[in-house]
Amino acid sequence: MEIGSFDRGDNISSIDEAKLESIKALRNGGIEPYPYSYSVTHHAKEIKESFAELEGKEVSIAGRAMQLRQMGGITFIDIQDRSGRIQGLIRNNELDEKSLLVLTNSSIGDTLGIKGVVMKSKRGEISVGAREITMLSKTLRTLPNKWQGLTDTEARYRYRHVDLMMNQEVLKTFETRSKFMRHVRDVLDSRGAIEVETPILQDVYGGAKAKPFKTTYHTLDDKQMYLRISDELYLKRLIIGGAERVYEISKDFRNEDADTIHNPEFTQIEYYEAYSDYETFMKMMEEMLSSFALKTFGGMKIEYQGETIDFTPPFARMYWVEELKKITGIDVSTMSDEEARKLNDAELLGLKHPDPYHVADSLFDKYLKNKTYQPTFVLDFPAYMCPLTKIKRGNPLRAERFELYCGRMEVANSYSELTDPTYQRKMFDDQERERKKGDEEAPPFDEEFLDAMEYGMPPTAGIGISIDRPTMIFTNQTSIKEVILFPPMKSLPPNELSNEKDQ
RNA sequence: GGGCCCGUAGCUCAGUUCGGUAGAGCAUCUGGCUUUUAACCAGGUGGUCGUGGGUUCGAUUCCCACUGGGCCCGCCA
């Protein structure tokens with residue numbers, strides 16, 4: 001099979017006959033090539049960092065053999081574990097019979113355990129001088145080129161396990177992602193919030209404007225179900241119920257094309273806090289991002305794609321409707337349908353649905369988005385753009401909503417949540433009308449949610465915090481696929497030969 | 001959905017300009033070597049050149065379609 005075509009779609013390399021022979025040889029010598037456990041005392045990085053204390057002491061390390069230099073009676077094996085690499089130094093005449101058998105049947109890619117003494121080689125390389133070598137897992141496959149490694153983007157995503165073993169910085173990226181998610185949780189937990197789980201499979205989707213994935217729940221009653229586009233409405237029902245502070249780490253699904261900053265399946269943390277408004281969350285976000293930068297990178301400034309992003313609070317505030325008016329003379333908050341259509345033509349926006357909502361949004365992208373490289377609160381949206389938001393105090397044309405931008409990407413979206421059930425019902429009616437006109441992104445009427453709202457919802461601030469995009473910034477990546485372990489890939493064409501024997 | 005680029009050995013890449021069924025390095029196999037670290041030296045194995053069709057005496061190379069990937073645009077708060 002060949003990698004270039006991915007014909008079989010199941011493997012990046014073929015099974016190596018010689019390695020099967022090694023397995024036989026090991027078993028003939030009484031050694032199981034797939035044992036149960038191994039006692040690891042140290043990681044590579046620890047040994048290198050604490051060499052002074054560890055020199056002469058016995059340690060056990062385990063990991064994948066990435067390089068192997070054999071010169072007659074002495075072998076150097078570079079063992080890679082999660083922390084990095086360290087050299088094993090093996091002299092044949094110091095090994096017992098079993099270790100020697102393991103050594104002669106070892107190859108690059110095997111997972112090995114080495115027990116021995118911390119020392120330096122003649123060339124000064126910190127090493128583990130082996131007394132015992134244990135086969136922990138015999139590989140059947142061949143690793144990519146030790147220098148260039150695996151660089152083909154498609155292969156890296158389809159065979160992420162190979163990507164991880166060949167490109168250790170990928171693991172660092174996902175460690176950073178994990179740290180960020182942990183940090184957001186910590187911040188919310190410290191506010192006394194509880195983490196909840198709400199349905200991913202929903203009868204009535206809502207909480208955002210987006211095309212859903214449809215599915216069918218045959219076992220229940222064969223009805224149409226949807227993968228959630230947002231968990232907003234469920235979390236609000238919990239606020240109505242008295243939970244006061246709730247959040248969910250939510251995988252949301254939107255049936256749209258992928259690009260470098262969108263993935264059909266993405267992760268955000270939605271958080272709702274009773275008795276607070278969007279000002280509370282602007283402060284919270286400043287604190288959350290700056291403290292993460294400080295804790296993780298030792299400073300408020302980080303490098304992203306050759307430019308510095310400064311997370312020192314306070315972040316810039318862009319009152320974008322006013323800003324846009326200054327630049328273009330257009331007030332998008334009072335734009336009529338007719339004016340929107342004209343602007344679509346005059347500004348060459350090329351929108352399919354040139355309604356005020358899309359035109360305003362498009363004008364922001366055209367004139368203002370490029371000014372959001374530094375952390376920037378883009379705030380006070382036209383009221384008509386925000387059907388689930390309270391109108392701004394003192395200005396009925398605006399809504400109390402902000403989007404936090406960073407690196408020209410939207411990374412959070414927050415409102416002073418609408419709590420007036422009568423007004424909310426009117427908003428749903430409007431949406432329903434749009435929907436009947438053919439806007440398939442307009443969310444359906446949600447009577448259950450309105451019923452809940454009619455019991456009375458306390459003043460509440462809500463926010464959705466992206467996990468994917470801040471991770472891109474913190475790991476200096478330009479594609480969302482680099483921060484998603486298994487990004488969706490198109491199916492490979494079936495191979496007619498795939499039922500035939502292989503190898 | 002539109003444009004541009006790409007797919008050659010397990011990996012990383014040459015070769016395609018001007019058509020004659022393919023090369024390198026690493027990996028792998030054999031032999032040598034007891035302090036290497038891109039180890040080294042000698043020899044060997046390995047490819048229906050992404051898929052299908054067309055032009056041609058002959059196609060990895062030219063043409064068309066398809067497929068997978070990347071980037072840009074559109075769409076997606």
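In the text below, chain A, chain B and the rest are named by the order of the sequence lines, each starting its count at 1.
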> Using a heavy-atom cut-off of 4.0 Å across all strands, would you classify A:Asp78 as base, sugar-phosphate, or nothing?
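If one applies the 4.0 Å heavy-atom cut-off, A:Asp78 turns out to touch nothing in the nucleic acid.
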> Can you figure out which of B:G70, B:U37, B:C13 approaches the side chain of A:Thr151 most closely?
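The answer is B:C13, which lies nearest to the side chain.
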> Can you identify which nucleotide, out of B:U36, B:A77, B:U35, has its nearest atom closest to the A:Glu410 side chain?
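So the nucleotide nearest the side chain must be B:A77.
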> Test salt bridge (Lys or Arg N to Asp or Glu O under 4.0 Å) on A:Glu339 and A:Lys342; report intermediate values, then the result.
CA-CA 5 Å; A:Glu339 285 167 325; A:Lys342 281 182 185 163; over 6 Å; no
> Run the salt bridge (Lys or Arg N to Asp or Glu O under 4.0 Å) check on A:Arg341 and A:Asp337 step by step: do they pass?
CA-CA 6 Å; A:Arg341 271 195 297 277; A:Asp337 287 4; 5.4 Å; no
> When all nucleic acid strands are considered with a 4.0 Å heavy-atom cut-off, which category describes A:Gly149: base, sugar-phosphate, or nothing?
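Sugar-phosphate contact only - A:Gly149 comes under 4.0 Å of backbone atoms but never of a base.
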> Have a look at A:Asn92 and say if it touches a base, only the backbone sugar-phosphate, or nothing, with a 4.0 Å heavy-atom cut-off.
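Nothing: the residue A:Asn92, judged by heavy atoms under 4.0 Å, touches no strand.
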> With respect to the side chain of A:His262, which nucleotide from B:U36, B:G68, B:C76 is positioned closest?
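For the A:His262 side chain, the nearest candidate turns out to be B:C76.
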> With a 4.0 Å cut-off on heavy atoms, is A:Met166 in touch with a base, just the backbone sugar-phosphate, or nothing at all?
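The answer is nothing, as A:Met166 stays clear of every strand by at least 4.0 Å.
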> Can you tell me, in whole Å, how much space there is between the P of B:G54 and that of B:G43?
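Result for the P pair: 44 Å, nearest Å.
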> Pair A:Asp163, A:Arg160 - check salt bridge (Lys or Arg N to Asp or Glu O under 4.0 Å), show working.
CA-CA 5 Å; A:Asp163 186 30; A:Arg160 187 65 99 176; 2.8 Å; yes
> Report which part of the nucleic acid A:Tyr415 touches: base, sugar-phosphate, or nothing (heavy-atom distance under 4.0 Å, all strands).
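Base, at least one base heavy atom under 4.0 Å.
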> Just compare B:A77, B:U35, B:G25 and give me whichever is closest to any side-chain atom of A:Ile74.
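Closest nucleotide among those given: B:U35.
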> When the P atoms of B:C13 and B:G58 are compared, how many Å lie between them, rounded to an integer?
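My reading of the P atoms in B:G58 and B:C13 gives 35 Å.
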> Please classify the nucleic acid contact of A:Thr260 as base, sugar-phosphate, or nothing, using heavy-atom distances under 4.0 Å.
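The answer is sugar-phosphate, as A:Thr260 gets under 4.0 Å only of primed atoms, P, OP1 or OP2.
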> Taking the nucleotide of RNA chain B with the closest heavy atom to each, which residue, A:Ile261 or A:Pro488, is nearer the 5' end?
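The residue whose closest nucleotide sits nearer the 5' end is A:Pro488.
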> So, A:Ser83 and A:Asp81: side-chain donor and acceptor under 3.5 Å apart, yes or no?
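Per modelled atom types, A:Ser83 and A:Asp81 side chains form a pair under 3.5 Å.
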> With a non-hydrogen cut-off below 4.0 angstrom, is A:Gln67 in contact with a base, only sugar-phosphate, or nothing?
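The answer is sugar-phosphate, as A:Gln67 gets under 4.0 Å only of primed atoms, P, OP1 or OP2.
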> Under 4.0 Å, heavy atoms only, any strand: does A:Arg85 hit a base, just the sugar-phosphate, or nothing?
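Nothing: the residue A:Arg85, judged by heavy atoms under 4.0 Å, touches no strand.
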> Ignoring the backbone of A:Asp257, work out which of B:G68, B:G74, B:U36 is nearest its side chain.
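The nucleotide sitting nearest to the side chain is B:G74.
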> If the C1' atom of B:U16 is compared with that of B:C6, how far apart are they to the nearest Å?
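The same atom, C1', in both gives a distance of 14 Å.
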> Over all strands shown, is A:Phe364 touching base, sugar-phosphate only, or nothing at heavy-atom distances under 4.0 angstrom?
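Nothing, no heavy atom under 4.0 Å.
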> Which residue is it: A:Arg228, A:Gln268, A:Glu270? I am looking for the one with a side chain to side chain donor-acceptor pair (under 3.5 Å) to A:Ser250.
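Output: one option passes, namely A:Arg228.
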> Could you work out the separation of B:A39 and B:U21 based on their P atoms and round it to a whole Å?
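It comes out at 36 Å once rounded to the nearest Å.
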> For the side chain of A:Glu125, starting at C-beta, report the closest nucleotide among B:U37, B:A39, B:A77.
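That would be B:U37.
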> With C1' as the reference atom in both, quote the distance from B:G25 to B:G20 in angstrom, rounded to an integer.
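Those two atoms are separated by 27 Å.
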> Could you say whether A:Ala208 or A:Ala258 is positioned toward the 5' end of RNA chain B, judged by the nucleotide with the nearest heavy atom to each?
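Nearest-nucleotide comparison on RNA chain B picks A:Ala258.
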> Please check if any side-chain donor atom of A:Glu417 sits under 3.5 Å from a side-chain acceptor atom of A:Tyr278, or the reverse.
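Checked: A:Glu417/A:Tyr278 side chains show no N/O donor-acceptor pair below 3.5 Å.
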> On a whole-Å scale, what distance lies between the P atoms belonging to B:C49 and B:G7?
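My reading of the P atoms in B:C49 and B:G7 gives 14 Å.
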> Answer with base, sugar-phosphate or nothing: what part of the nucleic acid does A:Lys369 contact at a heavy-atom distance below 4.0 Å?
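Answer is nothing: A:Lys369 stays at 4.0 Å or more from every strand.
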> Report the nucleotide, chosen from B:U36, B:C29, B:A38, that has the shortest atom-to-atom distance to any side-chain atom of A:Arg123.
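Among the listed nucleotides, the one closest to the side chain of A:Arg123 is B:U36.
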> Nearest to the A:Leu150 side chain among B:U34, B:A77, B:U12, which nucleotide is it?
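So the side chain of A:Leu150 is nearest to B:U12.
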> Among B:A77, B:G10, B:U34, which nucleotide has an atom closest to any side-chain atom of A:Asn145?
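The nucleotide sitting nearest to the side chain is B:G10.
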> Please report the distance separating the P of B:G3 from the corresponding atom of B:C64, rounded so that it comes out in whole Å.
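These two P atoms come out 13 Å apart once rounded.
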> Once the angle between the rings of A:Tyr271 and A:Tyr247 is folded into 0 to 90°, is it parallel (under 30°), tilted (30 to 60°) or perpendicular (over 60°)?
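A:Tyr271 vs A:Tyr247 ring planes: perpendicular.
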> Starting the side chain at C-beta, find the nucleotide from B:G70, B:A77, B:A39 nearest to A:Thr153.
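Closest nucleotide to the A:Thr153 side chain: B:G70.
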